[in-house]
Structures are given as C-alpha cells and as structure tokens.
Amino acid sequence: MKKSIYTSALALLLTGTLVTSCDDFLEETNRQAISIPSSRENEESFPQLVNYIYEVTRDNTTRYAPDMLYVLEDLGTDIVTRASPLTGVDAINDYVDMNASNYVMQVYWANQYKQIAAANTLLENADLIEGVEESLKNRGVGEAKFFRAWSYFNLVENYGGVPLVTEPITTAQSDFMRASEEEVYTLIVNDLNDAISAVDETPDEYGRVSKDAARHLLSKVLLTRGYKPFAASDDYTLAISLAETVIANHPLETTFADVVDIENQRNDEVIFSFLFGSESSSVGWGNTKHLLYKFEYFNYPGLARGSLYQNGIGRMPTPYFFNMFDEEDTRNEETLRYVMYADVAEDGLEVGDTAIYFPKTAWSQERIDSKPYAVINPDEYLVNDGVTNVHFPMFKKFEDPGAPFVYANERALGDRDMVMMRGAEAYLIAAEAAFQNNNPGAAATYLNTVRSRAGITTPLTAGDVDIALILDERARELIGEVNRWMDLKRTGTLISRVLEYNPHAALNNAITEKNLLRPVPQSEIDASGKTISQNPGY
C-alpha cells in the first residue's frame, strides 16, 4: 500500500505538476518541476494541477501497461475472450490461477490511487494557491472530485472495500485499513454531488468535465448501488432522473454510423471524451482503442502490416457476440469488418481485391474453393487454419486510419477522441433502473429508442424485457466503450454468462463466487504490514 499510494502522492508533492496536455484546452506541455510551497505563490499552478489530473487519468485509461490494455474491462466476460484456439489457460479470461501476485491487479490498483493522489493534491491546495478566481477554483475542485469518484468506483467494484485516502500523504504510512463498500460508495456519491454543483453545465473548452458527465457517472453509481444490500431506497429513481437529464442534453445521433464516424467525433450524443490530437505535445501514448479485437491478418496473401487495418492486442469477441445481431441491426456492419481488401498485389490478388471474407452464414466448401481469396466460416474462427491461430471479423468501430502499425509495448499514437460517455448509455442505464424499479414498460421505451436508431423496426413490449435482454443491448451498442465485467458483476450474471458464452472460460470451468472480486495485490498487503486484508478465497 505504501508503495503505490504514498509514492504517487509524494511524487506529486515533490514535482508539483507534470502536464502533458490534451488537444483543445490542454495545448501546452509543462514539465518544469516546482515545489508545492512555491506553486502556491503562482496562480498558474492551479490550472496545471487540474490538468495533471486529466493527464494521469487519460494515460491510465488508454495505456495501463503493454500487457493489460483494458483486460479488467472486457476480457473474461460473455462477449470478449482471448484470441487463441480452445487450449491452454489464462488467469484473467479463464479465471485459472488468478491470484494476488497477478501483475495486472497490481498495476490497476496503483493506477487508480495515482489518480486519487493527483485529485487529493489539488483539493488540499485549492484554497492555498494565491490569486485564483473563485469560479475557476470551484470548477477545478469539482473536476478533481469527479475523477476521484471515478477511481474509487473502479476500485470498489473490482476489489470491494478499499482504503479511503482523501488527502495527500506527506509522510511514510503503512497502516492502511480497508473501508467498507458502503463507506466507499458514500464518498463516491458525495464527491459526484459536489462535482455536479461545481463544474460547468456547458464547458467553454471541449473535453472538460461537465455537469452531465458527473450526472452520467452518478446515475451509473446509483444504479450499481441499487443492487447492493446497503442500497438507498431511491437509488433507481434517482438514477433514472439523472439519466433523463443527460438524455435531454445529449440526444442520439440519427444513425449508428454517425456515432462511430471519425469525422463526426464531437457530436451532441457525446458526454465526455479523452482528447489526444495529432501534436506530439498532446497525443501522449495515444488512443489505443483502434487496437481492439483484431488478428494477424497480415499473414494472408494480399495483406501487409500497415496503417489501414493496424494491429491487435490479443483478444477477440466471443462467438456469442458475433451471433448477437438481428439482420436489420445496422450496428453489425458498423462494428465489425466482414471483408478485407488487398493492400498489396500478391498471389494473384491486385490492390483493392477481396483478400479475406467472413460470410455470416457458412459457405459450402465447393463455393469456398471457387474463390481466389480466403473465406472463413463462422464455425472456424477459433480453428487454426495454418495461417493464423484465430481469425474473425475484425473490429472497425474505433478505426483510426493513418495511425501507425504498432505492438502493445509501443506508443499507439491514435489521435481520435476516446469517447467515454454518450447518450445511448444514458438510455440503457435508465432502462435497467426502470426494470429494477418494477417498471418494465418504461424500460422497453428506453430500449426501443436505442434499437430504433439501429434500424430495428419491431418494438419491444414490457413482457420482453429482462436483464439478459438489457445486457445484450448494452453489448451491441457499447462493446469496447464501457466496462463489461462491471456490467455482469452488477447484474449478478458474471458466473453464469461467462460459463455459457465464453468458450475458453467454459473449457476450464474455473470461475467461482470468489471471482466476483479481484484479489487485492499481495504487494499492497505486505507493504501495509498486513493491515490490509485479502478478499475471500485468494
């Protein structure tokens, strides 16, 4: 514990602010080290402290570490599995030998507390920095509380009750104790209510936290708390109310294609994004979402490593996800690439010819043999064909043409915005809260709005709605955008849906009740002198 929380806080205290800016309002890079006492004499220190919180949070969100990009969000769920044949084991996806020494658990824990430390440094010094306008100070405090709440939400859902650190730590400490989940949720809700009061309704600078971003996060927090033994009686009602306010301010784009169009990133549906830009001073590690759910396509004739299709980071959608779309659902074609075109002349293929085709229903071998390109049927996605171990319709939802072909340990340099919250999820939060609040008719109405935008013409009725349907709708709309593991945990379906729909996890059959929480990193338990306790079963 001392290592991750104390070191992060101490680093912030000793270096003041290290700002790698985002496009728009974070346009400058300031890497000059200053002490906190000196910074209090300079009003410019305040926005730098605020910007540093954005930088740390963005970097942790998109980068993590080379071998753990988003793995605690999507891997080991019903809709994402590891990109390998049905052999072997994996700790995160298959829940085999998941333990307190897993590197991923340590990095994720440390990253969240690094964000909390950055927020705490701002909050501790907000009233001490000279010359800061009251409106700017209030807004910065609200932004800090928003990001602190977000980190604690990630921590409490992954690990359960965690130590509550609400001010900078300036001396070595090791005797940290885990707060209860209820206490952590109380801090989260209070921070978000404070953020809603303090941040701007419509920020002048794109990319800043708005009231709707805080409302959206609070609505999800209340929805999640509504499932818990310590839920407040009005959690679902308040979640719906907050979501409806967000919906009113962030209407759906006309089509799903408009939502994912790289030329239309900053549309009205977007609530909050992390920004990157193309300048070296602002892009940082770069957006990595374009690396999601791809295979080594470049081993096939006519295809080469390049900046069109780019590389992947070792996981794939499950067969269940590929079969999830109705024929009229336009999200299918906008999410998945079923045809890949040659970008080099090779083996009888010319540039622009079809190189790989994934039919949605199986072709006969005779028909496949008649084609000069590779044809891969749905039942062969996980079967080694002698070219690649796995092969499947690649994800195109976040494509970033021109971003360099890189591996996971290299800067991705993707420069499109990383959309973290948008109006469609507000509808889905409201639908789930309404269903849990015994109003399936209202839930159906929210769901039908999202489905209609996707081209689905048959409306749902109240009798159609259940948690499984809501989760499927979240998958079709939000895959790669939100934390699927937390969705399944929240709804009490993690174990059942992983065993039913994740082929690798089902093969190993290792997931149990203990996996509803991650193991607390052993390094943190040891550093605390064992005042931090481990989760049951680890």
Side-chain angles (χ1 to χ4, degrees), residues 64-99 101-105 107-108 288-300 303 305 309-324 335-338 340 356 358 362 374-398 405-410 412 475 479-480 484-485 488 494-495 497-512 515 518:
Y64 292 171
D67 59 350
M68 66 167 289
L69 283 164
Y70 316 110
V71 296
L72 295 190
E73 298 178 9
D74 62 3
L75 196 60
T77 66
D78 55 342
I79 61 173
V80 177
T81 189
R82 54 186 167 96
S84 62
L86 288 175
T87 59
V89 298
D90 178 81
I92 307 302
N93 184 76
D94 302 0
Y95 300 88
V96 174
D97 195 28
M98 183 183 288
N99 61 68
S101 296
N102 290 144
Y103 176 67
V104 170
M105 305 305 169
V107 174
Y108 191 81
T288 52
K289 283 292 180 84
H290 61 280
L291 304 180
L292 283 175
Y293 318 138
K294 296 183 176 183
F295 67 96
E296 295 181 339
Y297 65 88
F298 43 81
N299 290 322
Y300 289 83
L303 295 167
R305 293 173 174 87
Y309 299 123
Q310 299 149 337
N311 198 15
I313 53 176
R315 72 206 63 148
M316 62 180 289
T318 61
Y320 180 70
F321 179 79
F322 287 119
N323 291 321
M324 190 175 278
T335 301
L336 299 167
R337 181 179 297 282
Y338 288 90
M340 302 185 68
I356 308 177
F358 297 91
V375 177
I376 301 172
N377 281 331
D379 62 351
E380 297 172 337
Y381 294 168
L382 291 165
V383 179
N384 189 320
D385 64 356
V387 181
T388 54
N389 281 331
V390 294
H391 21 262
F392 47 88
M394 295 214 305
F395 217 58
K396 69 175 187 177
K397 187 178 185 180
F398 305 128
F405 183 97
V406 298
Y407 292 93
N409 62 342
E410 300 173 310
I479 183 172
R484 182 64 173 185
W485 188 90
L488 299 185
L494 178 65
I495 297 173
R497 288 182 73 98
V498 165
L499 290 176
E500 185 170 2
Y501 300 127
N502 186 306
H504 298 89
L507 175 72
N508 286 288
N509 194 28
I511 187 172
T512 65
N515 299 120
R518 316 284 196 182

Hey, could you give me the CG/CG distance between Asn508 and Leu86, rounded to the nearest 0.5 Å? 9.5 Å
Quick check with a 6.0 Å cut-off and a 45 degree axis cone: is Lys289 positioned over the face of Phe395's six-membered ring? no
Give the ring-plane orientation class for Phe405 versus Tyr297, where under 30° counts as parallel, over 60° as perpendicular and anything between as tilted. perpendicular
Gap between atom CG of Leu75 and atom CG of Asn502 - 0.5 Å precision: 7.5 Å
Determine, stepwise, if the pair Asn509 / Leu499 fulfils side chain to side chain contact (heavy atoms under 4.5 Å, CB included). CA-CA 7 Å; Asn509 194 28; Leu499 290 176; 3.5 Å; yes
Please report the interatomic distance CZ(Phe398) to OH(Tyr293), rounded to the nearest 0.5 Å. 7.5 Å
Sub-3.5 Å donor-acceptor pair from the side chain of His290 to the main-chain atoms of Gly312, do we have one? no
Tyr407 OH to Leu291 CG distance, which is reported to the nearest 0.5 Å: 11.5 Å
Would you say the side chains of Thr81 and Asn93 form a donor-acceptor pair under 3.5 Å? yes
Calculate, to the nearest 0.5 Å, the distance between atoms CG and CZ belonging to Asn389 and Phe295 respectively. 12.0 Å
State, with a plain yes or no, whether a side-chain heavy atom of Ile79 is found less than 4.5 Å away from one of Tyr501. no
Is there a donor-acceptor contact under 3.5 Å from the side chain of Lys294 to the main chain of Gln310? no
Checking Arg315 side chain against Asp74 main chain: does a donor-acceptor pair fall under 3.5 Å? no
Side-chain (His391) to main-chain (Val383) donor-acceptor, under 3.5 angstrom: yes
Could you tell me if the side chain of Tyr320 sits less than 4.5 Å from the side chain of Arg497, heavy atoms only? yes
Going from CG on Leu336 to CE on Met324, what distance comes out if it is rounded to the nearest 0.5 angstrom? 11.0 Å
Answer yes if the side chains of Tyr300 and Asp385 hold a donor-acceptor pair under 3.5 Å, and no otherwise. yes
